[in-house]
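Presented below is the structure to which this report refers.
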Amino acid sequence: MEQQLQSAPRVDAADIRQYQGQVVRIVGKVEQGNHPVAVLGCGPDGSVRVQVKMAPGNQYNSAYVEVMGRVNHDGVEEIMGYDLGLGVD
């Protein structure tokens with residue numbers, strides 16, 4: 001699993017379906033951050049639903065996040081999430 005995490009490709013909403021069952025990284029703007037599902041704006045082609053692993057009541061604490069997770073039929077199941085602050089270059 002550790003090898004999968006280190007080599008996970010970074011994808012956006014347009015490419016996510018190609019990675020069904022695989023571990024990926026996505027970077028996006030938090031459009032909706034309520035537990036247990038967040039919605040991230042990922043690229044010009046849409047949004048990705050993220051099944052958040054955080055405890056109830058917790059939310060992402062920044063406008064942009066990077067999520068590493070496994071792609072499923074409903075979006076991405078979070079393994080880890082990272083706050084990136086107010087903007088991404």
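Along the sequence shown, residues are numbered consecutively beginning with 1. Because the structure is predicted, anything quoted here is derived from the model rather than measured.
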Can you hop from V39 to V30 via hydrophobic side chains spaced under 4.5 Å?
-> no
ILVMFWY network linking I79 to Y82, side-chain heavy atoms under 4.5 angstrom |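 Yes, I79 connects to Y82 through the hydrophobic network.
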Nearest 0.5 Å, please: how far is [atom2] in [Y] from [atom1] in [X]?
{"X": "R17", "Y": "H73", "atom1": "CZ", "atom2": "NE2", "result": "9.0 Å"}
{"X": "S7", "Y": "R25", "atom1": "OG", "atom2": "CZ", "result": "9.0 Å"}
{"X": "M68", "Y": "M80", "atom1": "CE", "atom2": "CE", "result": "5.0 Å"}
{"X": "I26", "Y": "I16", "atom1": "CD1", "atom2": "CD1", "result": "5.0 Å"}
{"X": "C42", "Y": "E31", "atom1": "SG", "atom2": "CD", "result": "8.0 Å"}
{"X": "Q32", "Y": "L40", "atom1": "CD", "atom2": "CG", "result": "10.5 Å"}

Looking only at heavy atoms, which two atoms of [X] and [Y] are closest? And how far apart?
{"X": "Q20", "Y": "N72", "answer": "NE2-C, 3.2 Å"}
{"X": "V71", "Y": "V24", "answer": "CG2-CG2, 3.6 Å"}
{"X": "S47", "Y": "G41", "answer": "OG-CA, 4.0 Å"}

Polar side-chain atom of E78 near backbone of K53 as donor-acceptor pair, under 3.5 Å = yes
